[in-house]
Student: 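Structure in structure tokens, see below.
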Amino acid sequence: MKSNPPGSSPEACKAAGQAPQQKTQAKPTKVARQKVLVTGGGGYLGFSLGSHLAKSGTPVILLDRRRPQWELSPETEFIQADVRDEEALYRAFKGVDCVFHMASYGLSGAEKLQKEQIESINVGGTKLVIDVCVRQRVPRLIYTSTVNVAFGGKPIEQGDEDSVPYFPLDEHIDHYSRTKAIADQLTLMANGTPLPGGGALRTCVLRPPGIYGPEEQRHLPRVAGHIKKRLFMFRFGDRKARMNWVHVHNLVQAHVLAAEALTAAKGYVASGQAYYINDGESVNLFEWMAPLFEKLGYSQPWIQVPTSWVYLTAAVMEHLHLALRPICCLPPLLTRSEVRSVAVTHTFQIAKARAQLGYAPDKFKFADAVELYVQSTTRRPRGSAARTLLRLLLGLLLFLGLLALALHFLGLQPLHSSVERL
Ligand SMILES: NC(=O)c1ccc[n+]([C@@H]2O[C@H](COP(=O)([O-])OP(=O)(O)OC[C@H]3O[C@@H](n4cnc5c(N)ncnc54)[C@H](O)[C@@H]3O)[C@@H](O)[C@H]2O)c1
């Protein structure tokens, strides 16, 4: 239906396609292509990685509970299965040489509040993946983690793998980050597990920030939708707050290199290691998103509101979403953890990935991804000034209403006095 999302550099392709077999000396003769499996292979990153590997001639299995929305390339097999289905995993992992585990749930939007699903997929699924890797003698496992294992709302500037500890599990305010941190640790702890018949399971984890690129489905369309509804007239947080992003092409490259770094040919250098992966640049979210506002034909957010207000509003929206869930679905515009991600600096170095994996991110512009997005959607005509003003007023009223509710819920003052004062 659509073109394949972008892959990786030719060098990285070569590295993945020609990874020599473990426990044998690298031979000058042609090395057999080894089968890899990508859990969550129907998703954006999983499909991009799978397509890239398949192009280099590696047989790829994409395992996902949802069919990919893009066309499968030759050399790619799709298995519709849930990572919590032990039997399905056992069948799928047979003869596989490397598993990229990136099936996950709860990353953004209303999903973030589905506690049980998040726990069972992110933690339960990862336990099963590790267990089945061992039983099926899969020697390499790469887990796609997140920077959120270390970031929980306290500023981190140019953090690295050694100096920044895991954020305390019981202090995470969202289940996604907490469960990704558990899965990250489970994967690293599994490193060195003996395999039946000899050898050991080698594992590593990659910790990316937000992913962008052509046809990205999670962040760009959601933010664009909010902009079109005039819900992004406000900006918040310190203008100096910084974060990283990673282009899908660079993240694919990092996965390919990590898989190679779990082989004897690379001295198992990545064995038991974690790596922060990003584009090597730090940006302020509102500045970063400027091309999106511009290309959609809307003005930049110009009303600065205190972060505490936005945070309280997000808390209320989360509560409302949960309270109304039996009746209707009211997805929160922003969750508290998203507010923190925008307002609090959290940036990470990629020196370890550069040194150990040979990771070298290419330069990309967010504006190019925006351009493709805008081309694929119809350009919305600008509204009249009066309509814009009306929307602005309605947005302000909605915001103040939610704020009043927030104060009420938190027992700071009675609802009627909150409203009167506002
Ligand atoms: N997108 C980001 O900004 C971002 C940032 C940091 C980390 N990550 C991590 O990168 C990985 C890939 O993210 P993505 O952006 O491609 O997300 P995505 O939602 O596009 O892909 C995740 C895939 O996992 C599948 N999945 C969910 N539950 C499953 C289950 N029980 N069994 C089988 N498949 C299941 C989904 O159907 C989906 O196709 C994830 O592990 C995510 O946590 C993503």
Side-chain angles (χ1 to χ4, degrees), residues 5-6 37-52 61-70 78-86 88-89 92 99-112 114 116-129 132 141-151 174-184 187 205-223 243-252 254-255 258 274-279 285 288 337-338 341 346 348 366 369:
L37 183 143
V38 185
T39 74
Y44 183 57
L45 174 62
F47 192 84
S48 303
L49 174 66
S51 307
H52 168 77
I61 298 171
L62 302 176
L63 184 145
D64 202 299
R65 60 179 180 168
R66 193 184 65 181
R67 283 201 77 81
Q69 59 176 288
W70 304 279
F78 176 71
I79 296 180
Q80 191 149 18
D82 195 301
V83 283
R84 295 165 295 178
D85 180 343
E86 189 170 358
L89 287 194
V99 168
F100 295 93
H101 175 38
M102 55 186 76
S104 90
Y105 193 78
L107 173 68
S108 59
E111 261 185 31
K112 275 189 106 63
Q114 312 280 326
E116 292 80 22
Q117 282 260 66
I118 294 173
E119 187 88 29
S120 73
I121 294 173
N122 296 356
V123 179
T126 301
K127 280 184 186 160
L128 264 188
V129 165
V132 175
L141 170 64
I142 295 99
Y143 178 61
T144 312
S145 182
T146 161
V147 294
N148 289 9
V149 304
F151 176 68
D174 73 318
H175 306 302
Y176 170 76
S177 305
R178 191 178 61 80
T179 53
K180 290 292 281 187
I182 295 170
D184 178 302
T187 307
V205 304
L206 302 184
R207 297 175 181 161
I211 304 169
Y212 72 100
E215 299 190 64
E216 188 276 323
Q217 306 288 309
R218 274 204 174 264
H219 306 299
L220 206 154
R222 181 165 167 245
V223 176
M243 65 200 302
N244 305 118
W245 284 87
V246 66
H247 191 280
V248 66
H249 165 105
N250 287 334
L251 192 50
V252 164
H255 279 78
Y275 300 94
Y276 289 108
I277 303 293
N278 59 56
D279 282 355
L285 183 79
W288 160 261
S337 66
E338 286 168 336
S341 292
H346 55 296
F348 296 87
F366 178 56

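In this chain, residues are counted from 1 in sequence order. Numbering of ligands and ligand atoms starts at 1, following listing order.
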Student: Just going by heavy-atom distances, which of Phe47, Tyr212, Tyr44 is nearest to atom 20 (O) of ligand 1?
Tutor: Tyr44

Student: Would you please say whether a donor-acceptor pair under 3.5 Å links the side chains of Tyr143 and Lys180?
Tutor: yes

Student: If we set the cut-off at 4.0 Å for heavy atoms, which region of Ala81 has an atom near ligand 1: side chain, backbone, both, or neither?
Tutor: backbone

Student: Indicate yes or no: does Glu86 engage Lys127 in a salt bridge with an N to O separation below 4.0 Å.
Tutor: no

Student: Considering Asn122, Asn148, Asp64, which one's heavy-atom position lies nearest to atom 23 (C) of ligand 1?
Tutor: Asp64

Student: Do Thr146 and Arg207 get their side chains close enough for a donor-acceptor pair, meaning under 3.5 Å?
Tutor: no

Student: Looking only at protein heavy atoms, which one is nearest to atom 21 (O) of ligand 1, and what is the separation?
Tutor: Gly43 CA, 3.4 Å

Student: Supply the atom-to-atom distance Leu141 CG to Leu37 CG, rounded to the nearest 0.5 angstrom.
Tutor: 10.5 Å

Student: Hey, which atoms in ligand 1 end up nearer than 4.0 Å to a heavy atom of Ser145?
Tutor: 7 (C), 9 (C)

Student: Can you tell whether the side chains of Arg222 and Glu216 come within less than 4.0 Å, N to carboxylate O?
Tutor: no

Student: At less than 4.0 angstrom from any non-hydrogen atom of Pro209, what atoms of ligand 1 do you find?
Tutor: 5 (C), 6 (C)

Student: For ligand 1 and Leu45, I'd like to know whether there is a polar contact (N/O to N/O, distance under 3.5 Å).
Tutor: yes

Student: Any N or O of Val83 that comes nearer than 3.5 Å to an N or O of ligand 1?
Tutor: yes

Student: Look up atom CD1 in Ile277 and atom CG in Asn244, then write down how far apart they are to the nearest 0.5 Å.
Tutor: 11.0 Å

Student: Less than 3.5 Å apart, any donor N or O on the side chain of Thr144 or His101 sitting next to an acceptor on the other?
Tutor: no

Student: To which protein heavy atom is atom 28 (N) of ligand 1 closest, and what is the distance rounded to 0.1 Å?
Tutor: Arg65 NE, 3.4 Å

Student: Give me the nearest non-hydrogen protein atom to atom 27 (C) of ligand 1 as residue plus atom name, then the distance to 0.1 Å.
Tutor: Ser104 O, 3.3 Å

Student: So if I count the atoms of ligand 1 from 1 in the order they appear, which ones are less than 4.0 Å from some heavy atom of Arg218?
Tutor: 17 (O), 18 (P), 19 (O)

Student: For atom 31 (N) of ligand 1, what is the closest protein heavy atom, and at what distance to 0.1 Å?
Tutor: Asp82 OD1, 2.9 Å

Student: Is there a heavy atom of Gly125 sitting under 4.0 angstrom from any atom of ligand 1?
Tutor: no

Student: Find out whether Met102 and His255 are in side-chain contact, i.e. whether some heavy atom of one side chain is under 4.5 Å from a heavy atom of the other.
Tutor: yes

Student: Show your working on side chain to side chain contact (heavy atoms under 4.5 Å, CB included) between Tyr176 and Glu111 and close with a plain yes or no.
Tutor: CA-CA 9 Å; Tyr176 170 76; Glu111 261 185 31; over 6 Å; no

Student: Atom 44 (C) of ligand 1: which protein heavy atom is closest, and how many Å away?
Tutor: Ile211 CD1, 3.5 Å

Student: Kindly confirm or rule out an N or O of Thr146 lying under 3.5 angstrom from an N or O of ligand 1.
Tutor: no

Student: What about His219: any of its N or O atoms under 3.5 Å from an N or O on ligand 1?
Tutor: yes

Student: Based purely on interatomic distance, does Met102 place a nitrogen or oxygen under 3.5 Å from a nitrogen or oxygen of ligand 1?
Tutor: yes

Student: Mark up the atoms of ligand 1 that fall under 4.0 Å of a heavy atom belonging to Ile121, in ascending order.
Tutor: 28 (N), 31 (N)

Student: Step through it carefully: locate the ring centre of Tyr212, locate the ring centre of His247, and say whether they are under 6.0 Å apart.
Tutor: yes

Student: For Pro208, take its heavy atoms, then give the atoms of ligand 1 lying under 4.0 Å from any of them.
Tutor: 6 (C), 7 (C)

Student: Angle class for the Trp288/Phe366 ring planes (parallel below 30°, perpendicular above 60°, tilted otherwise)?
Tutor: parallel

Student: When you look for heavy atoms under 4.0 Å from ligand 1, do you find them on the side chain of Tyr105, its backbone, both, or neither?
Tutor: neither

Student: Where does Leu107 meet ligand 1, judged by heavy-atom distances below 4.0 Å: at the side chain, the backbone, both, or neither?
Tutor: side chain

Student: Would you mind checking which non-hydrogen protein atom is closest to atom 43 (O) of ligand 1, with the distance to 0.1 Å?
Tutor: Tyr176 OH, 2.5 Å

Student: Got a second to check how far Lys112's NZ is from Tyr105's OH, nearest 0.5 Å?
Tutor: 12.0 Å

Student: Any atoms of ligand 1 less than 4.0 Å from a non-hydrogen atom of Thr144? List them with their elements.
Tutor: 9 (C), 10 (O), 11 (C), 41 (O)

Student: With a 4.0 Å cut-off, would you call Arg178 and Glu119 a salt bridge?
Tutor: yes

Student: Any atoms of ligand 1 less than 4.0 Å from a non-hydrogen atom of Gly210? List them with their elements.
Tutor: 3 (O)

Student: Mind checking whether Phe151 and Ser341 have side chains closer than 4.5 Å, heavy atoms only?
Tutor: yes

